[in-house]
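Structure first, then comments.
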Amino acid sequence: MKIVFLSVILYFVEPVSTGVIAKTDENCLNCVSRGKEWCSSMKSCDVLWCPSEHSVFNKINCPQEERDSKYEYNDEFVRKKMLITTAAVNSNQPQTCFDNQMPTMKVYNTYDVNCSSLPPAVPCFAYTAVDNTQKVIALSFRGTQNSMQLAEELITYFYNSQRKFSTHGNIFSFFYDAFFFIWDSGLHSDIVELRKLYPDYELWINGHSLGGALASVAASYMVDQKIFKPETIKLVTMGQPRTGDYDYALWHDQTFPYSFRIVHNRDIVPHVPPQLGPGYSLYHHRTEIWYPNDMEMNAEFEKCESADGYYCSATLDFNLSYNDHGLYFVKEMPAWGGAGCPTLWLK
């Protein structure tokens, strides 16, 4: 009886073990392309059970191959450089911020426009700058400034309004329209001129909150129009909301080697607009850098495995807050930048 009983156990157990072992030539992209589930923790396809935080059903969330080291995220670089260029746009005189923190960077022009097609006016602000020492052209966009701006963003979202972006999917209409209001106000001609004057310079593009979405659109448009090559662009955003649909995010990930979305702990804005189902689903592009802490110097961070799956900040579910949205790298982003990025700053 003991032998018979053991045989029965083995009969039921054996299919479980073989179901977890992946084919030797299997990978995430092949798996999800066949409509199957990839389990990243097991590196296996179509398993019997996989923890939800490791389940992958679409290409955009498949783990990426290791990137060239020159395109890796560097906390020190972002704190010392990108934080300054991102914060400076919160002042109508961004040169004050550069004089205090990065004197070699010189403002080329500023763009202060109404970026709404509906009354009342909704202000948008951006700047271009040049650093001949670092060989950099900088472009930064200001974030949401008031409740009216936020209200229009939400209204256009719930009207399910999107704009076709070339052949690369769709962009949330408020972000798309706001970018082109700025682009057509003089930014276009300035960018073309700067590209001619400094053909071997990098382009740094930044933005916080709404500005992060505009930065994403700007980088994408300039590459699509062949004004800049993607490998010459460093795109870093903070507290960026979802900007485009699945096809836009997938194209972005396949195009830009250096693109990082920084998220501070429980910041709620990167989780909006929400993904409510077919017709409403917007997706983040890569790569989320999540600081599940206060972002003090030497704070730990996570480089997210997926573009917009159940990883990193998404694991907080509904434990989100607006309080973390304005505070990045221990700086109250709008206030510190608006004050000219002073060296001495009380948190």
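Note that these values count all heavy atoms, side chains included, but never hydrogens, waters or copies made by symmetry. Note that the structure is a prediction, hence the values are computed from the model and not measured.
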Problem - Intermediate values then yes/no, side chain to side chain contact (heavy atoms under 4.5 Å, CB included), T85 and M82 - result: CA-CA 5 Å; T85 54; M82 295 298 191; 4.0 Å; yes
Exercise for the section: I would like to know whether Y258 and Y73 meet ring-ring contact (aromatic ring centres under 6.0 Å, His included); could you show each step before the answer? Expected result: CA-CA 8 Å; Y258 193 106; Y73 181 79; 8.1 Å; no
Exercise for the section: In sequence, state the C-alpha distance, the side-chain angles, and the governing distance for I262 and M295, and then conclude on side chain to side chain contact (heavy atoms under 4.5 Å, CB included). Expected result: CA-CA 11 Å; I262 302 171; M295 299 187 81; 3.9 Å; yes
Practice task
Could you give me the CA-CA distance, side-chain angles and deciding distance for N90 and W336, then say whether side chain to side chain contact (heavy atoms under 4.5 Å, CB included) is met?
Solution key: CA-CA 8 Å; N90 290 291; W336 184 63; over 6 Å; no
Practice task
Show your working on side chain to side chain donor-acceptor pair (under 3.5 Å) between N92 and R142 and close with a plain yes or no.
Solution key: CA-CA 10 Å; N92 290 335; R142 186 178 291 175; 3.0 Å; yes
Problem - Test side chain to side chain contact (heavy atoms under 4.5 Å, CB included) applied to D253 and I60, step by step - result: CA-CA 8 Å; D253 292 348; I60 202 170; 3.5 Å; yes
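Side-chain contact between E202 and I233 is absent, with no heavy atoms from C-beta onward closer than 4.5 Å. Within the 4.5 Å cutoff, side-chain heavy atoms of N61 are placed close to those of N58. With contacts defined as side-chain heavy-atom distances shorter than 4.5 Å, the pair H208/T237 does not qualify. Side-chain contact between T110 and P94: present, with at least one pair of heavy atoms (C-beta onward) separated by less than 4.5 Å. Under the 4.5 Å side-chain criterion, counting only non-hydrogen atoms from C-beta, D75 is in contact with F329. At least one side-chain heavy atom of V136 sits under 4.5 Å from a side-chain heavy atom of M105. Between F256 and E231, every side-chain heavy-atom pair lies at or beyond the 4.5 Å cut-off. A 4.5 Å side-chain heavy-atom check between I137 and F228 finds at least one atom pair inside the cut-off.
Of all heavy-atom pairs between Q240 and A213, the closest is CG-N, 3.7 Å. In terms of heavy-atom proximity, S55 sits nearest to E37 at OG-OE2, 2.5 Å. Minimum interatomic distance between P292 and F301 (heavy atoms only, all atoms of both residues): CD-CA, 4.5 Å. S259 approaches H252 most closely through the heavy-atom pair OG-NE2, 2.9 Å. Scanning both residues, H284 and P270, for their nearest heavy atoms gives NE2-O, 2.5 Å. Across all non-hydrogen atoms, the minimal contact from E305 to P63 is OE2-CG, 3.3 Å.
Residues L29 and V47 fall into different hydrophobic clusters, defined by Ile, Leu, Val, Met, Phe, Trp and Tyr side chains chained together at heavy-atom separations under 4.5 Å. Two different hydrophobic clusters hold L327 and L210 under the rule that ILVMFWY side chains link at heavy-atom gaps under 4.5 Å. No continuous path of hydrophobic side-chain contacts links W38 to L250 [ILVMFWY only; heavy atoms under 4.5 Å]. Note on V192: it does not cluster hydrophobically with I182, by side-chain heavy-atom contacts below 4.5 Å among ILVMFWY residues.
Judged as a disulfide bond (SG atoms under 2.5 Å apart), the pairs with a partner in residues 78-110 (not counting sequence neighbours) are, in order, C97-C341. Applying the ring-ring contact (aromatic ring centres under 6.0 Å, His included) definition to pairs two or more places apart or across chains, those involving residues 113-134 are F98-Y127.
Under the side chain to side chain donor-acceptor pair (under 3.5 Å) criterion, T96 pairs with no residue at all, not counting sequence neighbours. Applying the ring pair (Phe, Tyr, Trp, His ring centres under 6.0 Å) criterion to F57, with sequence neighbours excluded, gives no partner residue. Residues that satisfy the side chain to side chain donor-acceptor pair (under 3.5 Å) test with T232, not counting sequence neighbours, are absent from this structure. The side chain to side chain donor-acceptor pair (under 3.5 Å) search around T128 returns Y111, not counting sequence neighbours. Under the rule for a side chain to side chain donor-acceptor pair (under 3.5 Å), S306 has no partner lying at least two apart in sequence or in another chain. Residues that satisfy the ring pair (Phe, Tyr, Trp, His ring centres under 6.0 Å) test with Y108, not counting sequence neighbours, are absent from this structure. Under the rule for a ring pair (Phe, Tyr, Trp, His ring centres under 6.0 Å), the partners of F77 that lie at least two apart in sequence or sit in another chain are W204. Evaluation of the ring pair (Phe, Tyr, Trp, His ring centres under 6.0 Å) rule for Y283 yields Y246 as partners, not counting sequence neighbours. By the salt bridge (Lys or Arg N to Asp or Glu O under 4.0 Å) test, E72 pairs with K303, sequence neighbours left out.
Contact check on D131 versus K135 returns no salt bridge, with no Lys/Arg side-chain nitrogen under 4.0 Å from an Asp/Glu carboxylate oxygen. One finds a salt bridge joining D308 and R242 here, because a Lys/Arg side-chain nitrogen approaches an Asp/Glu carboxylate oxygen to under 4.0 Å.
No donor-acceptor distance shorter than 3.5 angstrom exists from the side chain of S140 to the backbone of A138, with no hydrogens or angles considered. The main-chain N or O of W290 is never found under 3.5 Å from a side-chain atom of E302 such that the two would form a donor-acceptor pair.
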Can you give the donor-acceptor pairs under 3.5 Å from side chains of residues 214-226 to other protein atoms, not counting sequence neighbours?
| from | atom 1 | to | atom 2 | distance (Å) |
| --- | --- | --- | --- | --- |
| S216 | OG | Y248 | OH | 2.8 |
| S216 | OG | H285 | NE2 | 2.9 |
| S220 | OG | S216 | O | 2.9 |
| S220 | OG | Y248 | OH | 2.8 |
| D224 | OD1 | S166 | OG | 3.0 |
| D224 | OD1 | H168 | NE2 | 3.0 |
| D224 | OD2 | S166 | OG | 3.4 |

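Using cut-offs of 30° and 60° for the angle between ring planes, the H325 and Y322 rings count as tilted. The aromatic rings of F172 and F175 sit perpendicular, their planes meeting at an angle over 60°, well past the 30° parallel limit.
Taking CZ from R34 and CG from D46, the interatomic distance works out to 7.5 Å, rounded to the nearest 0.5 Å. A distance of 6.5 Å separates CG in N293 from CG in N265, rounded to the nearest 0.5 Å.
Around atom CD of Q93, no more than 12 heavy atoms belonging to other residues, nucleotides or ligands sit under 6.0 Å away. In D200, the CG atom is crowded: over 12 heavy atoms of neighbouring residues, nucleotides or ligands sit closer than 6.0 Å. Counting heavy atoms of neighbouring residues, nucleotides and ligands inside a 6.0 Å radius, atom NZ of K80 does not exceed 12 of them.
Neither side chain, Q162 nor S173, offers a donor N or O lying under 3.5 Å from an acceptor on the other. Checking K81 against Q134 by side-chain atom types alone, a donor-acceptor pair falls below 3.5 Å. E288 and S313 form a side-chain donor-acceptor contact under 3.5 Å, judged by distance and modelled atom types alone.
Separation of the H264 and Y328 ring centroids falls under the 6.0 Å cut-off. For F180 and Y176, the ring centers sit closer than 6.0 Å to each other.
Remark: SG of C28 is not found under 2.5 Å from SG of C45.
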